[in-house]
Amino acid sequence: MPFGRRSAWREVGLGVFVRRYRDLDLNVGLIVGDGAAMLVDTRSTHPEAAELIREVAELTDLRPSVVVNTHAHFDHCFGNAVMLPCEIWGHEACAADLRSRGEEIRESAARWLTGAAARDVATVEIVPPDHLVRDHRAIHVGGRLVELRHLGRGHTDGDLVAIVPDARVVFAGDLVEQGAPPSFGDAYPLDWPATVRLLAPFASGAVVPGHGDVVDRAFIERQAAELAAVAATARAAHEQGMPEDEAARLVRLPREEAAIAVRRAYAQLGGAI
Ligand SMILES: [Zn+2]
């Protein structure tokens, strides 16, 4: 791979690292404590997760003993099996989703992945989190506090953020997206803006989105405003009885994502989700 295109760890807070992958522009987090390390998300396939473990060894002799999944999408949790016997933390709805529609999520992966990963995803053993969070849970990783918080529905109904207060780092999962529009396929567009606004007070330093470049509080406040505009447009259009395709043309998102956002917003307004 040409120089500059290889992924590498970046320290975004003391002992807190991010690795940004070319595939899907995905971010994975690593928190290194005294005698223990924790991963935030596990990539899409078993070989990718095994590679991640080798990459962790570039930084520390510790093998991660704790994993948190930010949500149930394949790129964030399909490497879980390789991490066992780790503790795997996630939101209750994330675990339920992986149990009830894991195969559907696997099928969605086939649409996104290319090359070896597209093949390897077929044989992933889907392992849901076994340490579950409803609202908030504080855990300790090698003496460091990590707060796991569910701030409401947004990108999915089971988004969990991981906050490392001593390093002022927030791992936001796909609640925050840099470099691409927010992804609405499993989203709750009417709730999403408020959820991101609740995240803002925790963002005193680096904010690591699920995909793209590391951002900050100002970025997430802008994203909350953009998400609020999507929700308001969809709500007004629904009130007027406007058809979905017409409403989608009013939403400031790329065409395909706008259609999905309006479909999900209308489903919320109609009480279907
Ligand atoms: Zn996602």
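Values below: every heavy atom of this structure, side chains too, minus hydrogens, waters and symmetry copies. Remember, it's 1-based here, ligands and their atoms both numbered in the order they're listed. Residues: numbered from 1 along the sequence shown.
Taking 4.0 Å as the cut-off between side-chain N and carboxylate O, E226 and R222 do not count as a salt-bridged pair. For the pair R19 and E55, the salt-bridge criterion is met [side-chain N within less than 4.0 Å of a carboxylate O].
Each protein N/O/S atom under 2.8 Å from the Zn ion (ligand 1) was counted, for a total of 4.
Take F184 and apply the ring-ring contact (aromatic ring centres under 6.0 Å, His included) test, not counting sequence neighbours, and it matches W192.
Residues H150 and D157 come closest through the heavy atom pair CE1-O, 3.5 Å.
In this structure, CZ on R168 lies 12.0 Å from CG on L14, to the nearest 0.5 angstrom.
Between the side chains of D75 and S44, no donor-acceptor pair of N or O atoms lies under 3.5 Å.
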